[in-house]
Amino acid sequence: MFPQDPLPDAPSAASPLLVHLNPEQLAAVTLPAGHALILAGAGSGKTRVLTTRIAWLLQNGHARPGSILAVTFTNKAAKEMVARLSAMLPVHVRGMWIGTFHGLCNRLLRAHHQAAGLPQTFQILDTQDQLAAVKRLCKQHNVDDERFAPKDLAHFIANCKEQGLRPNDVQGQDSNTRKKIEIYQLYEEQCQREGVVDFGELMLRSYELLRDNDHLRAHYQRRFAHILVDEFQDTNQLQYAWLKQLAGNVVDGRYQAHGSVLAVGDDDQSIYAFRGARVGNMADFVREFGVQQQIKLEQNYRSYSHILDSANALISHNSSRLGKNLRTTQGPGEPVRVYEASSDLAEAQWMVDEIKQLLRSDGFEHREIAVLYRSNAQSRVIESALFNAGVPYRVYGGLRFFERAEIKHALAYLRLLENPQDDTSFARVVNFPPRGIGARSIEVLQDAARAAGCSLYDGVSAVPGKAGINLGAFVALVDGLRAQTRGLNLRSIIEQMLESTRLVAHFCTEKEGADRIENLQELINAAESFVTQEGFGRDAVALPLDEHGGAAPPKPPMPGIVDADTGETLSPLAAFLTHAALEAGDNQAQAGQNAVQLMTVHASKGLEFDGVFIGGMEEGLFPHENAASERDTLEEERRLMYVAITRARRRLYLSHSQTRMLHGQTRYNIRSRFFDELPEAALKWLTPKRQSFAALASHSGAGSAYSSSARQSFGFKSAGAESGVFAHLPVPPRKGAPAHGLAAGIAVFHTKFGEGKVLALEGSGTDERAQVHFARHGSKWLLLSVAKLTVVD
DNA sequence: TAATGTTTTCTTTTT
DNA sequence: GAAAACATTA
């Protein structure tokens, strides 16, 4: 049994752990047993409080490592927590359950796979795989993909699961919904048959496991006397329900929690409602758990007050808030600089100039400067401006390692070794590299497998003729590989696979193949470091703590991985595949370099920089046009802006542009309404401030500001540029008649080719062209009506 | 079946 | 403007 230690009422500040904490942080760290909500503002030392709390619990004997469960959203956050804890504690952190929601669910399901109705080596489908599985299903059942787009269906299924709904639980009002439910049902059956689970299933299945097994639930409830949740504002309905299962039971219609739940979050930084996050969970938690302790961390250790004042003022325009104000003891610092550019190119060029200035005169480091934007499409111009200026930069986002096509192909082969029933993996590589198995053959195979009620793999023998021979060769290849690699270590398995499948050989013949081959080599390294990694796949292992006197953790027995709770083992290959699915990996491009950081505002959450640029502060972009018309979504945009602002320590730059290329068309945008919500005293306008959004809106004669007619006009395309309320905005130069001021000998700048010198001019009107010599790219004839040339002085 | 041309779509995203 | 999905030809 796991007796609960009584906690003292008064905190003792004597411990060296607690020396540098402010009073609120100290109170949070030393809270007595019971549920608590910590409202932790941006830059208020949230992670510090969480980790110190755990360390304090252990150090003072209030908890054993085995009774602690800490859950985060990202692998990065989980890793950081483990790293900080290891630094704080003399004992290793083995016995604790620290991980992402999905990582912990995976661990539960592996440990209790029988009770959960899963094969022990179940594979995990990522979003891509899930979509592929839905597509395959739709094809097989002749679903009209006009009426039911696979994407929508995948979305529908994920949504249902997030709400904890199985097909039987969903209400089908109309025939459309009923059809979707039917497909959901079929999808479930397909996954079960193939032994695969998607991300939603990982959550839902382990929720049901706890819900339906009283003794299991009781075991974990007793065990985890201390549950800590990071970024609580981002939890969705199912994750909250999952936490409730772990923490307690409904007794006589009232929820009674067993251990102590400490939830840390910030409603003002809730920016994931669009993917199901429910800020309302915070209020529900307080109510349902009868939370007695609520602590606000409002002391900010990051930014100067001009920046914080801006953030506070902006967020005060949101109506649904728990209420919190950041404060700092640092001085006002530099004002927030605002710049209006004529075009997205000019905006990017201005950013580069300012960045150079920061690097040169103000002693900023490259990596301490970030350029943030609302959507990924905005990065391109900024990238090219930085590139041409020779400033090193790193773009976050985009394809990550385990999502790359060549890696997914390799993983699919590995998955087939583990589980031949995995039709998604089968379909992915059956004809890759090409081996004469086309769409027709696969159709025949699918019908055969369906008729026999078996997997594609097992259905191959039923396919006659040439197609059957080709398919048979593929199956023989995989079977042969399985036999060859039996008993080998992970590295050799992968090397052998790359060899036998001729994946590397295939990419040798492709023109872009070199990078892919490099990535495949990298896969071997990834596997190698996974194996040698201390602890060997944190997510899958739970070794007993302290049996070795707190020394380095014992090496897991090879070849299997043992879960201490159940004694179940998992092969290194299966563990690696799980690792690949749950941790998509960094986009390692240019990693480690000291470079300017480019990323979306979403990606910047949790990070901080000395200097921050937020570009594209325009109506239609930020707030995004799809979000501006409804209160809830507009408020999420505002929180997004709040997150962006609070990333900055010392310098903050906001910019917007009159024109911008979007979807291949020039759009004429006006300044974001968010500028009108910032305190004038904290701003410095580098370009003259012009009429505001609100003034423009009321100019249209529509009465109240944001009327629907005014709203629809924002973010319009070029056709409407000279009509209505925008007639007084500067009209952009018409095509073909640029006041270019070009002549032979003049230095110019081109976004793609960089700086060059004009050699000659020729033609007129739309045909006018210039011959320009570029250092890097030689001489080129450029149509002035098309090419983006600017004069350099 | 495989390679090549044509049309379509286009926030934010971790697991 | 560009990737990805789709249709068409050798």
Side-chain angles (χ1 to χ4, degrees), chain A residues 71-78 99-106 124-131 135 145 149-151 155 158 161-162 197-204 206 231 234-236 238-239 270-277 344 372-381 384 396-400 402-403 405 431-442 466-467 470 510 539 578-585 599-606 616 620-628 633 636-637 639-641 643-644 660-667 715 751-752 786 788:
Chain A
V71 60
T72 64
F73 274 86
T74 64
N75 291 300
K76 200 173 150 204
T100 63
F101 275 101
H102 292 84
L104 297 179
C105 286
N106 172 60
I124 298 165
L125 301 184
D126 67 14
T127 319
Q128 253 181 71
D129 300 330
Q130 190 200 16
L131 184 60
K135 277 183 182 164
D145 57 2
K151 239 188 200 158
H155 211 131
K161 291 189 182 183
E162 264 171 22
V197 299
D198 59 36
F199 287 133
E201 188 70 26
L202 223 39
M203 258 339 291
L204 181 52
S206 70
E231 305 277 18
D234 288 339
T235 51
N236 64 32
L238 179 57
Q239 285 156 340
S270 157
I271 55 175
Y272 287 111
F274 74 91
R275 67 170 195 218
D344 48 351
L372 310 182
Y373 33 81
R374 175 65 240 266
S375 65
N376 284 306
Q378 289 167 253
S379 77
R380 193 184 306 277
V381 249
S384 77
Y396 284 76
L399 261 197
R400 285 169 313 166
F402 287 114
E403 290 168 357
N431 195 36
F432 193 92
R435 48 174 74 86
I437 300 168
R440 183 75 203 123
S441 304
I442 291 170
K466 181 112 184 296
N470 286 343
E510 269 199 355
D539 284 339
T578 298
H579 166 80
L582 286 179
E583 204 163 332
M599 65 189 85
T600 63
V601 180
H602 282 93
S604 76
K605 189 173 164 202
L621 249 179
F622 204 176
H624 196 274
E625 55 197 338
N626 299 352
T633 49
E636 179 146 316
E637 294 289 305
R639 292 193 291 271
L640 200 49
M641 183 64 196
V643 167
R660 180 176 300 277
M661 280 294 264
L662 199 67
H663 306 329
Q665 273 173 308
T666 306
R667 305 203 350 169
T751 40
K752 202 161 172 189
V786 178
K788 289 135 197 161

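Naming: A, B, ... by sequence-line order, numbering from 1 per chain.
Considering only residues two or more places apart in sequence or on other chains, A:R435 meets the side chain to side chain contact (heavy atoms under 4.5 Å, CB included) condition with A:Y413, A:N431, A:P433, A:I437, A:F474, A:L477. Every residue two or more places apart in sequence or in another chain that forms a salt bridge (Lys or Arg N to Asp or Glu O under 4.0 Å) with A:E636 is listed here: A:R639. With sequence neighbours excluded, no residue forms a side-chain hydrogen bond (donor to acceptor under 3.5 Å, both in side chains) with A:Q128. Partners of A:D344 by side chain to side chain contact (heavy atoms under 4.5 Å, CB included), not counting sequence neighbours, listed by chain and number: A:V381, A:R660, A:M661. Partners of A:E637 by salt bridge (Lys or Arg N to Asp or Glu O under 4.0 Å), not counting sequence neighbours, listed by chain and number: A:R374. Residues passing the side chain to side chain contact (heavy atoms under 4.5 Å, CB included) test with A:N236 are A:E162, A:L238, A:Q239, sequence neighbours excluded. With sequence neighbours excluded, no residue forms a ring pair (Phe, Tyr, Trp, His ring centres under 6.0 Å) with A:H624. For A:F101, the ring pair (Phe, Tyr, Trp, His ring centres under 6.0 Å) criterion is met by A:F73, A:W242, not counting sequence neighbours.
Contact check for A:V643 versus A:I271: side-chain heavy atoms found under the 4.5 Å cut-off.
Evaluated for a side chain to side chain contact (heavy atoms under 4.5 Å, CB included) with A:P150, the options A:K135, A:H155, A:Q130 yield exactly one hit, A:K135.
In this structure, A:E637 and A:S441 both approach DNA chain B, and ranking their closest nucleotides by distance from the 5' end singles out A:S441. Heavy-atom nearest nucleotides on DNA chain B were determined for A:N431 and for A:N626, and the one closer to the 5' end corresponds to A:N431.
Rounded to a whole Å, the CG atom of A:L662 is 16 Å from the P atom of B:dT9. A:Q665 has its CD atom 13 Å from the C1' atom of B:dT9, to the nearest Å. Separating the CZ atom of A:R639 from the P atom of B:dT12 is a distance of 18 Å, rounded to the nearest angstrom. Rounded to an integer number of Å, the gap from A:M661 CE to B:dC10 C1' is 14 Å. Regarding A:Y396, its OH atom lies at a distance of 18 Å from the P atom of B:dT12, rounded to whole Å. Atom pair A:I442:CD1 and B:dT1:C1' shows a separation of 11 Å (rounding to whole Å applied). With rounding to whole Å, A:R667 atom CZ is found 14 Å from B:dC10 atom P.
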N/O contacts under 3.5 Å, protein versus nucleotides 7-10 of chain C?
none

Extract from the structure each pairing of a protein N or O with an N or O of nucleotides 4-6 of chain C at less than 3.5 Å, listing the distance.
none

Please enumerate all protein N or O atoms sitting under 3.5 Å from an N or O of nucleotides 13-15 of chain B, with distances to 0.1 Å.
| from | atom 1 | to | atom 2 | distance (Å) |
| --- | --- | --- | --- | --- |
| B:dT13 | OP1 | A:T600 | OG1 | 2.5 |
| B:dT13 | OP2 | A:N376 | ND2 | 3.3 |
| B:dT15 | OP1 | A:N75 | N | 2.7 |
| B:dT15 | OP1 | A:N75 | ND2 | 3.0 |
| B:dT15 | OP2 | A:R400 | NH1 | 3.3 |
| B:dT15 | O2 | A:H102 | NE2 | 3.4 |
| B:dT15 | O4 | A:T127 | OG1 | 2.7 |

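Heavy atoms of A:E231 sit nowhere under 4.0 angstrom from any nucleic acid atom. Within 4.0 Å (heavy atoms only), A:G664 reaches at least one base atom of the nucleic acid.
Taking CG of A:D126 as the start and CZ of A:R400 as the end, the distance is 9.0 Å to the nearest 0.5 Å. With rounding to the nearest 0.5 Å, the separation of CZ in A:R275 from CG in A:D234 is 6.5 Å.
Here the shortest heavy-atom pairing between A:A581 and A:F199 reads O-CZ, 3.6 Å. Nearest heavy-atom pair, A:F622 versus A:L640, reported as atom, atom and distance to 0.1 Å: CZ-C, 4.0 Å.
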request  = Could you provide the dot-bracket string of DNA chain B, using ( ) for intrastrand pairs, [ ] for crossing pairs and | for bases paired to another strand, with Watson-Crick or G-U pairs below 3.5 Å?
outcome  = ||||||||||.....
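Classified by its glycosidic torsion, B:dT8 falls in the anti category, the angle being over 90° from 0.
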